[in-house]
Participant: 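Below you'll find the structure I mean.
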Amino acid sequence: MTDRKFTPHLREGLGARPEEFARSTCFEGGYLTSVNAGWRSLRPLIDPVQCTLCLNCYMYCPDGTIFKVRDGEGVCTALAIDYDFCKGCGVCAKVCPVPCIAMVDERGDGEVAAGISGVSTERVLQRREQDLMSCSPKRGLPERIEMSETPARKDAEGGAA
Amino acid sequence: MRKFLSGNEAFAEGVRLARPQVISAYPITPQTTVVEALASMVEEGSLACEYLHVESEHAALAAAMGASATGARTFTATSSQGLLYMAECLTYASGGRFPIVMMNANRALALPWNIYGDQRDSLSLLDHGWIQVYAENNQEALDLALMAYAVAEDERVSLPVMVNVDGFALTHTYESVEVPEAQAADAFLPPYATANRFDFERPVSIGYSAGPEFNGHYQYWHHRDMLAAETVVEEVEARFAATCGRRYPGLVDAYRCEDADLVLVTLGSAAGIARDVADELRAAGTRAGVLRIRYLRPVPGRQLAEALAGVAAVGVLEKDISFGGDGGAVFSTVLVACARRGVARPALNFIGGLGGADISRDQVRVCFADLERLAAGQGEAGRVVFLGIDDEEGGLR
């Protein structure tokens, strides 16, 4: 399961009052704007078993939504995708040399889009379930971060890449 | 020090006293001589400033925003088509809350092509989120260059200011102008300090997006802070009077309006001749007054409604027309400001001075004569009259 603490914080999820953030478009670095993934029709899924951690997708993602998952010692053990910001462009699947990134239909039938990946449908469905549990783009803002809590910056939380 | 200066030269003196750190501008008649004067000041070393020769007005304002986002005090100037070319960046600058000061030399819009003065350029951009102020003479233009920064940079406002100076009527006309001493100007206007800037010690994101969920909040606070500018303008003018010695009257400049039966509302340099004619009428027993709008954003709604509540007839004289609309933008603004506050007086709109035409003494007499007939119950209220074109027929209903 991907660990959300490595993904960027949403600015408006801080629970700040609008007069504290809506009086200019200037805000502490390290935060992102609202969830921005609504137009995605195909969802990329990384098969962690086949993935060689070559970081091609990590470098090529035009929205910087692919991040490193690290173990307790800070070693990158997997790559994961932040579906709050992934637009489903498919560049990651195109540049994957294995290939182990599948593009699956967002409408939910789990079908792998033709010609992009050789990952098995079974494997894809399994991964999809895991990802949906951890990174649903439909997740509401208020439940993410409590009003009273000021979350530490992402770089203070164990070194996001 | 007293000097004999054109409006553009006077404005450049005001900008020099404000000590901007970055000027980015593209020349356009009748603004050109203000940026020429500033370029000379930078060249000769009397103004320590980065002067950017940009390739267009769009770039001029984009560069000014970039400079402002580093915390620099910035200036730009334009006119007419240049202002319209800049229009996309206007909302970026105001939404980004960059307190840029811009001088706009009011000039007609094409087509037909015309380089002379009217106010259709700035009046067509009232809703781009900038504070808009209109100078009546060269002294006020110079003083507004300084005061605009104080208003724009006030934390309660944090908005760009467009100072409008009538093309040719002011920009190229020479008057005797008092230039404040640098010491007085420095006492009035401290250096710009803001948190709305890039900072290596405190990394920020600037100029980001805001989706449907929160976008309205940004517009709400933009509106609120623009309304707050009224108080700030008054405070800034009081401070200017204390340091530089000239007192300005806030969002509007009311002349003999207290007991007036007929009031002509106008803005910019046309106010002078309107006051002359009002004096003439007063001498002949007609209680006439002139209400000069200085700030059109924020709208001086309370001042307009209070000044016009007791009049028999009100006229709005403007160098603008909103095609197919209810006269000009100023007329609509005045009527709505009054209506919102429960004031409904018979009103006429006088359109004049388009494409640089003079607004003559006789035309202003025609305006007041029409108002006098309206006050006496003759003629329909709400007419839009093009001076010298359909004033004999009584205008459009």
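Labels below follow one simple rule: chain letters A, B, ... track the order of the sequence lines, proteins then strands, and each chain is numbered from 1.
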Participant: Tell me, yes or no, whether the heavy-atom count around His223(B) atom NE2, taken from other residues, nucleotides or ligands under 6.0 Å, exceeds 12.
Facilitator: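 At most 12 heavy atoms, drawn from other residues, nucleotides or ligands, come within 6.0 Å of this atom.
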Participant: In terms of heavy-atom proximity below 4.5 Å to chain A, should Arg224(B) be classed as side chain, backbone, both, or neither?
Facilitator: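 Contact with chain A: none, neither part.
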Participant: Near Glu235(B) CD, under 6.0 Å, is it more than 12 heavy atoms from other residues, nucleotides or ligands?
Facilitator: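 More than 12 within 6.0 Å, yes.
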Participant: Out of Gly96(B), Gly207(B), Ala69(B), Gly95(B), which one racks up the most heavy-atom pairs below 4.5 Å with chain A?
Facilitator: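 Ranked by contacts with chain A, first place is Gly207(B).
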Participant: Is the number of heavy atoms from other residues, nucleotides or ligands within 6.0 Å of OH (Tyr51(B)) greater than 12?
Facilitator: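 Count over threshold, so yes.
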Participant: Would you give the length of the straight line joining atom OG of Ser24(A) to atom CZ of Phe98(B), rounded to the nearest 0.5 angstrom?
Facilitator: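 Result: 8.0 Å between the selected atoms.
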Participant: Relative to chain A, which segment of Asn196(B) carries a heavy atom at a distance below 4.5 Å: side chain, backbone, both, or neither?
Facilitator: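 Contact with chain A is through both the backbone and side chain of Asn196(B).
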Participant: Are more than 12 heavy atoms from other residues, nucleotides or ligands located less than 6.0 Å from atom CZ of Phe240(B)?
Facilitator: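 Yes.
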Participant: Counting only heavy atoms not in Arg19(B), do more than 12 sit closer than 6.0 Å to its CZ atom?
Facilitator: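 Check fails, neighbour count at 12 or below.
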Participant: With a 4.5 Å cut-off on heavy-atom pairs, point out which of Asp199(B), Asn215(B), Ile206(B) contacts chain A the most.
Facilitator: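 When all of Asp199(B), Asn215(B), Ile206(B) are compared, Ile206(B) has the most.
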Participant: For Arg97(B) versus Arg23(A), what's the shortest heavy-atom pair and its separation?
Facilitator: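 Shortest heavy-atom separation between Arg97(B) and Arg23(A) comes out as NH1-O, 2.9 Å.
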Participant: Checking His222(B) against chain A: side chain, backbone, both or neither under 4.5 Å from a heavy atom?
Facilitator: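 Answer is neither: His222(B) stays 4.5 Å or more from chain A.
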Participant: Does Glu155(B) have more than 12 heavy atoms from other residues, nucleotides or ligands lying within 6.0 Å of its CD?
Facilitator: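 No - once you tally the heavy atoms of other residues, nucleotides and ligands closer than 6.0 Å, there are 12 at most.
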Participant: Give the minimum heavy-atom separation between Cys26(A) and Ala195(B), together with the two atoms involved.
Facilitator: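 It is SG-O, 3.6 Å.
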Participant: Taking atom CZ of Phe214(B) and atom CZ of Phe21(A), what is their separation to the nearest 0.5 Å?
Facilitator: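 If we round to the nearest 0.5 Å, Phe214(B):CZ and Phe21(A):CZ are 4.5 Å apart.
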Participant: When you look at CZ of Arg340(B), are more than 12 heavy atoms from neighbouring residues, nucleotides or ligands closer to it than 6.0 Å?
Facilitator: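 No - once you tally the heavy atoms of other residues, nucleotides and ligands closer than 6.0 Å, there are 12 at most.
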